[in-house]
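What you see is a predicted model; the values in this text were computed from it and never measured.
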Amino acid sequence: MAQSQNGIQVARNLIIYSFLLSTLLFCVLTPAQEPTPDVETIIKKIDQLYRSETSHAEMEMHIVTPHWERTLAMTVWTKGMDKTFIRITAPKKEQGVATLRIGNEMWNYLPKTNKVMKIPPSMMMGSWMGSDFTNDDLVRESSMLDDYTYQFVTPEDASPDHLYVQLMPKEDSPIVWGKIVAAVQSGDYTPVWQRFYDEKGNLMRVMNLKEIRTFSGKTVPSVMEMIPQNKEGHKTVVRWTNATFASDIDDKIFTRRNLQKRR
């Protein structure tokens, strides 16, 4: 009888040991679940990608059409999400052209006529300097975080290396796009591309973001390529050549008086 009980106890121990061993192997071999990404965190990163408390950048804008090409050099200052100042520095023909946004107001200065013109809200989606970027693209009046609702989506051409967010304009937002779909890298949420659709769901333009660089400790795509889908042979490429973030910037830069200065 004792030997029988000992056999039963050994069998039980073997079962328990096998269960514990299989559980341990399962824990070791099963990959850890990735934390669920926060869609709001991704939208904030896109919104604030090229901004900080302040920013000062040198850029080149190359505009391509079927009939001509030109390149503009410009300097851009920003403060928070509400202030932007842009001044074209080359070529000589456009030198001194400037754009200022404070809150929801925007002005352009044209040296040839020595006039400051206020840009009405209806023109915010108009072309900036003949490029495929709009006034709103350059001065960032609209905010993805404030003016859109957003959710994760999976497009037909989805990649496992990317996450995708669909943005729909809120009813009270002055947005012309029917929706925007944005792709970001899965690991660090760095934006990869954005696709802009009209209210009927037609793809109107694609913005590719590439050539990752680090400026002043901030890592961003240094090239923005805007390709309209309804104008064959057109594209505009903006390249960041230098940038400084979170530095002291004089508030006098963001004034209408500064618009008329040539340098």
Original post:
With distance as the sole criterion, is a donor-acceptor pair present between the side chains of T99 and N108 under 3.5 Å?
Top reply: yes
Original post:
What is the minimum heavy-atom distance between P66 and E232, and which atoms define it?
Top reply: CG-O, 3.4 Å
Subject >> Results of side chain to side chain contact (heavy atoms under 4.5 Å, CB included) for A73 - residues two or more places apart only >> reply: T89, A90
Original post:
Is there a donor-acceptor pair under 3.5 Å between the side chain of R87 and the backbone N or O of K261?
Top reply: yes
**OP:** Answer whether the closest heavy-atom distance between the side chains of K170 and D147 falls below 4.5 Å.
**Re:** no
Subject >> Any donor-acceptor pair under 3.5 Å from D198 side chain to G201 backbone >> reply: yes
Original post:
Does a donor on one side chain and an acceptor on the other come within less than 3.5 Å for E60 and T71?
Top reply: no
Subject >> K118: partners by side-chain hydrogen bond (donor to acceptor under 3.5 Å, both in side chains), with sequence neighbours left out >> reply: E105
Original post:
Apart from V237 itself, which Ile, Leu, Val, Met, Phe, Trp or Tyr residues share its cluster (side-chain heavy atoms under 4.5 Å, direct or through members)?
Top reply: V223
**OP:** Identify the two heavy atoms, one from P221 and one from P191, that lie closest to each other, and give their separation to 0.1 Å.
**Re:** CG-O, 3.9 Å
Original post:
Any chance the side chains of T255 and N258 put a donor and an acceptor closer than 3.5 Å?
Top reply: no
Original post:
With a 4.5 Å heavy-atom cut-off, do V181 and W193 have their side chains touching?
Top reply: yes
Subject >> Sidechain-backbone polar pair: D82 side chain, I102 backbone, donor-acceptor under 3.5 Å >> reply: no
**OP:** State, with a plain yes or no, whether a side-chain heavy atom of Q194 is found less than 4.5 Å away from one of M144.
**Re:** yes
**OP:** Go through the steps to decide whether I249 and F254 satisfy the test side chain to side chain contact (heavy atoms under 4.5 Å, CB included), and finish with yes or no.
**Re:** CA-CA 10 Å; I249 294 180; F254 306 101; 3.8 Å; yes
**OP:** Taking the side chain as every heavy atom from C-beta outward, state whether T236 and H62 have any atom pair closer than 4.5 Å.
**Re:** no
Original post:
Under 3.5 Å, is there a donor-acceptor pair between the side chain of S55 and the main chain of F245?
Top reply: no
**OP:** Check for a donor-acceptor pair, side chain of K83 on one end and backbone N or O of D251 on the other, with a separation under 3.5 Å.
**Re:** no
Original post:
How about W107 and I119: do any of their side-chain heavy atoms sit closer than 4.5 Å?
Top reply: no
Original post:
Does G217 offer a backbone N or O that forms a donor-acceptor pair with the side chain of T214 under 3.5 Å?
Top reply: no
Original post:
Is a donor on one side and an acceptor on the other found under 3.5 Å between the side chain of Q229 and the backbone of I227?
Top reply: yes
**OP:** Measure from the side-chain N and O atoms of Y109 to the backbone N and O of L100, and report whether any donor-acceptor pair falls under 3.5 Å.
**Re:** no
**OP:** Please list, chain by chain and in numerical order, all residues satisfying side chain to side chain contact (heavy atoms under 4.5 Å, CB included) with E199, sequence neighbours excluded.
**Re:** none
**OP:** Name the orientation class of the two ring planes belonging to W77 and H56 (parallel below 30°, tilted from 30 to 60°, perpendicular beyond 60°).
**Re:** parallel
Subject >> Cationic N near anionic O, under 4.0 Å, K79 to D248 >> reply: no
Original post:
Do the ring centers of F196 and W177 come within less than 6.0 Å of each other?
Top reply: yes
Original post:
If we ignore angles and hydrogens, is there a donor and acceptor under 3.5 Å between the side chains of T134 and D136?
Top reply: no
Subject >> Heavy atoms of other groups near E211 CD, more than 12 under 6.0 Å >> reply: yes
**OP:** Answer yes or no: is there a donor N or O on one side and an acceptor on the other, between the side chain of S173 and the main chain of I175, under 3.5 Å?
**Re:** no
Original post:
Do the non-hydrogen side-chain atoms of M226 and M207 ever get within less than 4.5 Å of each other?
Top reply: yes
**OP:** Evaluate side chain to side chain contact (heavy atoms under 4.5 Å, CB included) for I42 paired with F152, printing each intermediate quantity in order.
**Re:** CA-CA 10 Å; I42 293 174; F152 286 114; 3.6 Å; yes
Subject >> side chain to side chain contact (heavy atoms under 4.5 Å, CB included) between R213 and K218, worked out >> reply: CA-CA 8 Å; R213 291 181 60 186; K218 188 169 186 176; over 6 Å; no
**OP:** Return yes if some donor-acceptor pair links the side-chain N/O of D47 with the main-chain N/O of I43 below 3.5 Å, else return no.
**Re:** no
Subject >> Distance-only donor-acceptor check, side chains R51 and T84, under 3.5 Å >> reply: yes
**OP:** Please check if atom CE in M123 has more than 12 non-hydrogen atoms from other residues, nucleotides or ligands closer than 6.0 Å.
**Re:** no
Original post:
Taking all non-hydrogen atoms of both residues, which atom of A243 and which atom of S216 are closest, and how far apart?
Top reply: O-CB, 3.8 Å
**OP:** Kindly work out whether a path of hydrophobic side-chain contacts (I/L/V/M/F/W/Y, heavy atoms less than 4.5 Å apart) joins L49 to V165.
**Re:** yes
Subject >> Least distance between heavy atoms, N135 atom then S127 atom >> reply: OD1-O, 4.3 Å
Original post:
Is it true that the NZ or CZ of K179 lies under 6.0 Å from the centre of Y197's six-membered ring and within 45 degrees of the ring axis?
Top reply: yes
Subject >> ILVMFWY network linking I212 to L163, side-chain heavy atoms under 4.5 angstrom >> reply: no
**OP:** Apply side chain to side chain contact (heavy atoms under 4.5 Å, CB included) to the pair L145 and E40, showing each step before the final yes or no.
**Re:** CA-CA 8 Å; L145 193 64; E40 186 171 312; 3.8 Å; yes
Subject >> ILVMFWY cluster, F133 and V176 together (side-chain gap under 4.5 Å) >> reply: yes
Subject >> Beyond-backbone contact of M59 with V76, side-chain heavy atoms, under 4.5 angstrom >> reply: yes
Original post:
With hydrophobic residues grouped by side-chain heavy-atom distances under 4.5 Å, do V64 and V206 end up in a single group?
Top reply: no
**OP:** Consider only side-chain N and O atoms of Q185 and H162, and report whether a donor and an acceptor are under 3.5 Å apart.
**Re:** no
**OP:** Mind checking side chain to side chain contact (heavy atoms under 4.5 Å, CB included) for P91 and listing every partner two or more places apart, or none if nothing turns up?
**Re:** L72, E94
Original post:
Should Y148 and M204 be counted in the same cluster of Ile, Leu, Val, Met, Phe, Trp and Tyr side chains packed under 4.5 Å apart?
Top reply: yes
Subject >> Short side-chain donor-acceptor distance under 3.5 Å, N242 and E58 >> reply: no
Subject >> K235 atom NZ, over 12 foreign heavy atoms within 6.0 Å >> reply: no
Original post:
Given M61, which of L138, I88, D132 fulfils the side-chain contact (heavy atoms from CB on, under 4.5 Å) condition?
Top reply: L138
**OP:** Could I get the full list of ring-ring contact (aromatic ring centres under 6.0 Å, His included) partners for Y50, not counting sequence neighbours?
**Re:** W240
Original post:
Between T190 and K45, is any pair of side-chain heavy atoms under 4.5 Å apart?
Top reply: yes
